[in-house]
Every structure is written in C-alpha cells, then in structure tokens.
Amino acid sequence: MSRRAASGLLLLPGVALLAFGFLYPFGVTLFAPPAAEDPDVLGKLGGMLGDGYVLEVAARTVRVAALTTAICLLLGFPVAYLIARAPRRRQGLLLALAVFPLLLSTVVRTFSWLVILGRNGLISDLLTALGLADGGTQLLYTEFALIAGLTQLFTPIMILTSYSSLSHIDVKLEEAARGLGASPGRAFRRVVLPIALPGVLVGAMLVFAGAVTAFTTPLLLGGTRNRTLATLLYDYANVKLDWGAASAVALIMTALVVVAGLISGRLSKVGAV
Amino acid sequence: MRGRPLLTAVAALALVFLLGPILLVVAIAFSSGDTVEFPPPGLSGKWFTKALAYQPFQDALTTSALVAAGATLLALLVGIPAALAIQRRRFRGRKAAEALFLSPAIVPELVLGFALFQQLMVTLRITALGALLIGHTVLLLPYAVRVTGASLAMADPALEEAGRGLGAGPLRTFFHITLPVMTPGIVSAAVLSFLTSFNNVPLSLLLNGPGVTTLPVQMLNYVEFSFDPVVAAVSTLLLAATVVVALVTERLVGFNKVFGK
C-alpha cells in the first residue's frame, strides 16, 4: 500500500463523520434550508439587517461580549500572573482551583446568579438591610446580570491561556530589568507584557467567541427582555418555527465568531513580532 | 506576593467571584426551607431525596451518560488514527486535514445543533439519540485529535522507527510502542471529552425526542418553570462527582494535563 493511501485510510473515518455530521448539515442549514417556508436565507438576512430589533439584539450581543472579555481580562490576568510567580509546587493546586469550574455545566454555574440577583436575592436583601432600597430590587434580566454571569463563566479560560504564556517567561528577565533600574511597573510593561500578549489575545478571542455564542446564561439571566443572538435563534427555531430567520441569525452569529477569530489571529501575529 | 497588594487583592476577589457562587449552590441544596433562600433556614437532605426520585432527571442522566460515553469512545476511535496521520506522516493536504478536524471547534454549538436537528432529525428522520451521538462525536473530535496529537508530537518518532527496524510490522509497532506513548494523552482526552459532552447545553438543546433529553437540558427546563432547590441538589451531586473525577485524573495523569497544561 502506498504511503498516500495509508494516510488516506487513517483519515477516512474522521472525514466521513465530519462530512455527514458537520459539513453537510451545517452547509445546508446556513445557506439552503429546504424545509423552511421561505428558503431564501439571504433574503431573510437582508430583511433582518433592515430590522431594528434584530440589529439591537446583535449590538447587545457584541456589547455584552466585549465588556465580558474586558472584565475577564482584568480579573483573569492578575490571577494568572500570581499563579505563574507562585512557588512551583503551589502552582498546580492554584491553577486547578481556578480552572475547576470549567468542568461543571453552565446550568450549575448560572443557577446561583438567580439567587444572588433575583428580586428576593442576596443583593436585594443587602440593599434593603443597608436602607438603600425598600426590597424587591430586580437585577435579573438586565445586561448587568448577563455580564456578571458570563464573566464568571469565562474568567477561567482567560486565566488558563494567560498562565500558559506567562509560565514560559523566565522570572530572571523581569529581575534583570529591575536590576537595570526599571520600576516594577516598567519591568512588567516593557518585558512581561510584550511576551505574554499573543497568548492573552488568543484567550480574549476565546472569551469573546464564547460570550457571543453562550446560550444558558442569556436564557436564564437575560430572559426575553435582554435577548442575545443565541436566545433569538432558539426563539425562531423552537418557538416561532421560522427556520429561515433562524438560519439568518445563525449566519450572523457564525460570521461574528469567524471575524473575531481572524482579527485575533492577525493581532497575535503582530504582538509576536 | 509581597509588595503587590493591589494585584493580590484583585486575584483574591477573582477567586471569590469564581468559586463563591458554586459554594452558594451547595448551601442552597442542603436547605430545609421550601423555597430557594440564602442563608437557608435549616439543614436537611430532603431536596436530594426529591431530586433522586424525580423520573425525568433519572431518564436524562441515563441519556447523558450514554451519549457522553458513546461519543467519547467514537471520537477517540476516529480521532486517534487521524492524529497519527497528521503527526506522523508527510502528505499533501496535511495542513488542510488538520484544519478540517479542528474546524467544528470554531462554529457556534447552538448553530450546529440547529443544523443537525433540521438535516438529520427532520429531513433524514434519524432518532434524537442518533443525532445526539453524531453531534457530540463531531463536537469532541477536535479535542481528541488535538490532545492525543500533542502526546504524539512530544514522543520521539525514532522509537517507532527502531521498532520497525527491528522487524515489527506496522500493527505491532502501533500496539507496542505508539499506543503506550499516547496513553496519557488518551486518558486526558477521554476525561475532557466525557465532561464536555456530559455538560453540553447548546448542541443538545434542540436534539430531543420522547424520553430523550440530556441532563443539563432537563435541568434548564426545570429551572425555567419551577425555581426550587431541586436543581441545586442535582448540581451538588454533579459537583461531587466531578471532584471525584478530577482527583482520579490527578492520580492518573495530573489534573492540569487535561487542559494541556
């Protein structure tokens, strides 16, 4: 058997699976849904782009995802930096604690926000006890709730990617900069940050893409008042049964994620220079 | 950490923010009250009893376990040969093949779920369980190829060449040299794959049929209609099971290996 044929044989089961379970359904649904009453997705898409409501939902999705990414970065990077600078034998445990939540379902991780932010929730009770509100402060179904829930969901990813680029940086580099008279802040900005940047940007893209496509959190914390593209897609697909519209939303969502990926690819290359 | 009070404060805040809400769920699960409240009025195990006796959760647990185990096995069976070809062979289109195998990780899971619902369940009349199994295998394939591929990339191909040079056939070389070298990668990939599939919501959401719904989706449905500590109890049981999995993984391959660290 030739080498090429052998390579082909090893790849064949996977390629067959991807063709049938991914490329075919994905391609047909996005570009030519057969069962929809109006099979013209691009026509639907055009209509949607002129529809204020859909644009508002898309803008909210991007806004919430961008803010979530920024806060994840502000919270996650310091944690990653401290873990990378902790004694070797403690790094493993600290990292495990920080990323353990990734092993739990989003339902488990979102549930407690209903308790914290709800009308009879912890924050509402606290505000009432402090005399700042007279009970029943509803923080659920707001963009604030969405951002809080998504940030808690995705900060571990930021920690993980930041840590993996920070842990490659020799402490001695930073010490050398300090020895040559740089302040801690300057040593950090001029030495650590440029080396860590590509990894951090990859993390930021993962968080942004995750926040744009997240479903559980917007469903439970955003409700119908603060829909995102994901809950809108679900609404079209499962409640309104308008599959053409669902496909058009799916196209917008996919395009956003792919564009974010391309931009971060460019940025991380620039950062690496 | 001395001399960096601001940094340490932010990091402490972040850890409380990450782990606090999870511990809150555990406290609520042990409540003796009739509604979700914190702090709970007293302690009891009644919500666990109720959660375990709730038939839809039992059925959903069976479905989720079946799908997660089946999809993990399939993804490894299909992914390991692909990782071998991508890491160990030189052929035209190798980069394209790698990109193809990693591509499902890029697309939104909800969109893939919707596509599988439309094309496999509605058009081709494949059952919900079949669509779940196919969808989850596609979802896990990038992990399987990447993690087992990473363990191959770290191993020295000279070992395999030596085996071949000493007269072992390709199969014998694979089972006696390549497979043992890949084992830590395979264990990591299996743990990550199983949990990823078991916890998934967006892909599984639309792929349901009579009596076939995955556990996280069933929990989500429950929370949407009734807000009581039952879901906190199920969450706590899942949390306990996940801690056990994490500890066993730590003994086997090192916990952080699961994330490629």
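A, B, ... follow the sequence lines: proteins, then strands. Residue 1 opens every chain.
- Proximity to chain A is limited to the side chain of Leu124(B), based on heavy atoms less than 4.5 angstrom apart.
- Looking only at heavy-atom pairs under 4.5 Å with chain A, the residue among Ser103(B), Pro202(B), Gly135(B), Ala12(B) that has the most is Ser103(B).
- Atom CG in Leu220(B) sits 5.5 Å away from atom OG1 in Thr216(A) (nearest 0.5 Å).
- With a 4.5 Å cut-off on non-hydrogen atoms, Thr236(B) does not touch chain A at all.
- Within a 6.0 Å radius of OH in Tyr141(A), other residues, nucleotides and ligands contribute 12 heavy atoms or fewer.
- Val108(A) has its side chain within reach of Met219(B): a pair of non-hydrogen atoms, C-beta onward, lies under 4.5 Å apart.
- Looking at Leu206(B), only its side chain comes within 4.5 Å of chain A, counting heavy atoms on both sides.
- Proximity to chain B involves both the backbone and the side chain of Val99(A), based on heavy atoms less than 4.5 angstrom apart.
- Between Gln152(A) and Leu18(B), the shortest heavy-atom distance links the atoms NE2-O, 3.2 Å.
- Within the 4.5 angstrom heavy-atom criterion, only backbone atoms of Ala148(A) (N, CA, C, O) approach chain B.
- Contact annotation: the side chain of Val138(B) approaches that of Leu17(A) to within less than 4.5 Å [non-hydrogen atoms, C-beta and beyond].
- Remark: Phe22(A) CZ to Leu116(B) CG distance equals 9.5 Å, nearest 0.5 Å.
- Residue Leu133(B): no heavy atom, backbone or side chain, is found under 4.5 Å from chain A.
- To the nearest 0.5 Å, atom CG of residue Leu110(B) and atom CG of residue Leu233(A) are 4.5 Å apart.
- Only the side chain of Leu23(A) comes within less than 4.5 Å of a heavy atom in chain B; its backbone stays farther off.
- Distance check: Phe198(B) CZ to Ser105(A) OG gives 9.0 Å after rounding to the nearest 0.5 Å.
- Taking chain B as the reference chain and counting heavy-atom pairs below 4.5 Å, the highest number among Leu153(A), Leu75(A), Leu220(A) is found for Leu75(A).
- For Tyr81(A), the part lying near chain B is the side chain, with the backbone staying farther off; criterion is any non-hydrogen pair under 4.5 Å.
- Residue contact with chain A, scored on non-hydrogen atoms closer than 4.5 Å, involves the backbone and the side chain of Leu7(B) alike.
- Ile71(A) is not listed as a side-chain neighbour of Phe17(B), based on a closest heavy-atom distance of 4.5 Å or more.
- Put simply, of Pro104(B), Gly113(B), Pro170(B), the one with the most heavy-atom pairs under 4.5 Å next to chain A is Pro104(B).
- With chain B as the partner, the residue from Pro78(A), Pro13(A), Ala250(A), Ser7(A) showing the most heavy-atom pairs under 4.5 Å is Ser7(A).
- Proximity to chain A is limited to the side chain of Ile28(B), based on heavy atoms less than 4.5 angstrom apart.
- Annotation: residues 90-98 of chain B contacts chain A through Phe91(B), Arg92(B), Ala97(B) [non-hydrogen atoms, separation under 4.5 Å].
- The shortest heavy-atom contact between Leu112(B) and Gly21(A) is CD1-O, 4.0 Å.
- With a threshold of 4.5 angstrom between heavy atoms, Val15(A) approaches chain B through its backbone and through its side chain.
- Neither the backbone nor the side chain of Ala75(B) comes within contact range of chain A; no heavy atom of the residue lies under 4.5 Å from a heavy atom of that chain.
- With values rounded to the nearest 0.5 angstrom, Trp243(A) atom CH2 is found 4.5 Å from Phe117(B) atom CZ.
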Notebook entry, point to check: Passes side chain to side chain contact (heavy atoms under 4.5 Å, CB included), Leu103(A) versus Val245(B)? Steps please.
Noted result: CA-CA 10 Å; Leu103(A) 299 180; Val245(B) 170; over 6 Å; no
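- When side chains are defined from C-beta on, Val111(B) counts as touching Leu30(A), because their heavy atoms get closer than 4.5 Å.
- Two residues are said to be in side-chain contact when any heavy atoms from C-beta on lie closer than 4.5 Å; Leu203(B) and Phe215(A) fail this criterion.
- The candidate with the highest count of non-hydrogen atom pairs below 4.5 Å against chain A, out of Ala246(B), Gly79(B), Ala232(B), Ala83(B), is Ala232(B).
- Interface check for chain A: of the options Leu100(B), Ile80(B), Val191(B), the most heavy-atom pairs under 4.5 Å are formed by Leu100(B).
- Neither the backbone nor the side chain of Leu12(A) comes within contact range of chain B, judged by heavy atoms closer than 4.5 Å.
- In summary, of the residues considered (Leu195(B), Val243(B), Val25(B), Thr242(B)), a side-chain contact (heavy atoms from CB on, under 4.5 Å) with Leu104(A) occurs for Thr242(B) alone.
- Leu219(A) touches chain B through its side chain: at least one heavy atom from C-beta onward sits under 4.5 Å away, while N, CA, C and O do not.
- Using a 4.5 Å cut-off between heavy atoms, Leu74(B) makes no contact with chain A at all.
- Taking Val107(B), Val36(B), Val217(B) one by one and counting their heavy-atom pairs under 4.5 Å with chain A, the maximum is reached by Val107(B).
- The main-chain N or O of Pro21(B) is found under 3.5 Å from a side-chain atom of Ser112(A) such that the two form a donor-acceptor pair.
- With a 4.5 angstrom heavy-atom cutoff, Ala209(A) does not touch chain B via any of its atoms.
- Options Asp125(A), Val115(A), Val249(A), Leu206(A) differ in how many heavy-atom pairs under 4.5 Å they form with chain B, and the most are formed by Val115(A).
- For chain B, the nearby parts of Thr151(A) are the backbone and the side chain; heavy atoms of each come within less than 4.5 Å.
- When each of Thr106(A), Leu11(A), Asn120(A), Val212(A) is checked for heavy-atom pairs under 4.5 Å with chain B, Leu11(A) comes out on top.
- At a threshold of 4.5 Å between non-hydrogen side-chain atoms, the residues Leu24(B) and Leu122(A) count as touching.
- Residue contact with chain A, scored on non-hydrogen atoms closer than 4.5 Å, involves the side chain of Leu141(B) exclusively.
- Within the 4.5 angstrom heavy-atom criterion, only backbone atoms of Leu74(A) (N, CA, C, O) approach chain B.
- The distance from atom OH of Tyr24(A) to atom CG of Leu120(B), rounded to the nearest 0.5 Å, is 7.0 Å.
- Taking chain B as the reference chain and counting heavy-atom pairs below 4.5 Å, the highest number among Val258(A), Leu114(A), Ile116(A), Ile159(A) is found for Leu114(A).
- Taking chain B as the reference chain and counting heavy-atom pairs below 4.5 Å, the highest number among Asn238(A), Leu97(A), Val107(A), Thr213(A) is found for Val107(A).
- Across all their heavy atoms, Gln119(B) and Pro25(A) have their closest contact at CG-CA, 3.4 Å.
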